[in-house]
Amino acid sequence: QVQLVESGGGLVQAGGSLRLSCAASGRTFSIYAMGWFRQAPGKQRDFVATIDGTGKKRYYTDSVEGRFTISRDNDKNTVSLQMNTLKPEDTAVYYCAARWGTVTTTPLDFRSWGQGTQVTVSS
């Protein structure tokens, strides 16, 4: 399946910003819906944002709506997550995921996953 590599994580203060990137390889990138998920220690993996193959349809979990923006560049085979006004509760390992098909928010619907990148937001 498509290989995904995340980057851009790090340590920031509350209120700061980070931009995560995910580089994809494999099949034609535009046929995949892409998603960002996050998982904190001892917690389940939660949906953050998703985007369809064209980049026209985007959805977010309520807790990041208005603060995060997902985007993609099919010419570069990348998907990004711009995270603004970060909060300590945003601290987690963030994963990029790909699904061959329609945009979805369900983790089990995604078949390819990156290795994750740590995002830590200090108080």
Side-chain angles (χ1 to χ4, degrees):
Q1 291 184 305
V2 59
Q3 295 181 344
L4 305 172
V5 180
E6 303 97 332
S7 62
L11 173 64
V12 298
Q13 293 183 332
S17 299
L18 281 175
R19 185 177 181 86
L20 305 183
S21 295
C22 175
S25 63
R27 300 175 182 173
T28 302
F29 185 59
S30 63
I31 70 173
Y32 293 96
M34 303 295 296
W36 284 98
F37 299 81
R38 63 188 181 186
Q39 186 169 20
K43 304 292 184 179
Q44 66 180 13
R45 186 167 298 185
D46 293 326
F47 165 74
V48 177
T50 190
I51 188 168
D52 75 341
T54 68
K56 298 181 67 176
K57 297 179 180 179
R58 301 183 293 188
Y59 302 96
Y60 304 90
T61 189
D62 289 344
S63 63
V64 308
E65 185 77 46
R67 299 189 297 120
F68 291 10
T69 302
I70 187 172
S71 61
R72 68 190 297 157
D73 187 336
N74 288 345
D75 290 332
K76 297 181 179 179
N77 284 199
T78 59
V79 61
S80 299
L81 185 68
Q82 178 65 46
M83 305 184 295
N84 298 327
T85 319
L86 283 162
K87 304 175 180 180
E89 51 262 44
D90 294 319
T91 296
V93 176
Y94 283 69
Y95 297 91
C96 175
R99 164 185 165 82
W100 186 17
T102 307
V103 62
T104 178
T105 63
T106 305
L108 291 177
D109 289 338
F110 290 82
R111 299 293 180 263
S112 299
W113 294 83
Q115 82 286 355
T117 184
Q118 178 70 49
V119 172
T120 302
V121 184
S122 62
S123 301

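Computed from a predicted structure; not experimentally measured.
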Quick check: is [Y] connected to [X] through a chain of hydrophobic side chains (ILVMFWY, heavy atoms under 4.5 Å apart)?
{"X": "V2", "Y": "Y95", "value": "no"}
{"X": "Y60", "Y": "V103", "value": "no"}
{"X": "V119", "Y": "L81", "value": "yes"}

Shortest non-hydrogen contact from [X] to [Y]?
{"X": "A24", "Y": "L4", "value": "CB-CD2, 3.6 Å"}
{"X": "V5", "Y": "Q115", "value": "CA-OE1, 3.6 Å"}
{"X": "T50", "Y": "T104", "value": "OG1-O, 3.1 Å"}
{"X": "N74", "Y": "S30", "value": "ND2-CB, 3.5 Å"}
{"X": "P107", "Y": "W113", "value": "O-CZ2, 3.4 Å"}
{"X": "A40", "Y": "A92", "value": "N-CB, 3.9 Å"}

Check for a donor-acceptor pair, side chain of [X] on one end and backbone N or O of [Y] on the other, with a separation under 3.5 Å.
{"X": "T91", "Y": "V121", "answer": "yes"}
{"X": "R45", "Y": "F37", "answer": "no"}
{"X": "R72", "Y": "A33", "answer": "no"}

Close side-chain approach of T69 and R58, heavy atoms under 4.5 Å: yes

Less than 4.5 Å apart, side chain to side chain, heavy atoms only: is that true for M34 and F29? yes

Just verifying a value: how many Å separate [X] [atom1] and [Y] [atom2], rounded to the nearest 0.5 Å?
{"X": "F47", "Y": "D109", "atom1": "CZ", "atom2": "CG", "value": "11.5 Å"}
{"X": "E89", "Y": "S63", "atom1": "CD", "atom2": "OG", "value": "8.0 Å"}
{"X": "D52", "Y": "Y32", "atom1": "CG", "atom2": "OH", "value": "15.5 Å"}
{"X": "W100", "Y": "T28", "atom1": "CH2", "atom2": "OG1", "value": "10.0 Å"}
{"X": "C96", "Y": "I70", "atom1": "SG", "atom2": "CD1", "value": "8.0 Å"}

side-chain hydrogen bond (donor to acceptor under 3.5 Å, both in side chains) partner of Y94, the single match among Q39, R38, Q118, E6: R38

Suppose the criterion is disulfide bond (SG atoms under 2.5 Å apart): which pairs have a residue in residues 63-93, not counting sequence neighbours? none

M83 vs D90, test: side-chain contact (heavy atoms from CB on, under 4.5 Å). Steps then yes/no. CA-CA 9 Å; M83 305 184 295; D90 294 319; over 6 Å; no

Without placing hydrogens or testing angles, list every side-chain donor-acceptor pair under 3.5 Å for residues 7-22, not counting sequence neighbours.
| unit_1 | atom_1 | unit_2 | atom_2 | d |
| --- | --- | --- | --- | --- |
| S17 | OG | N84 | OD1 | 2.9 |
| R19 | NH1 | Q82 | OE1 | 3.2 |

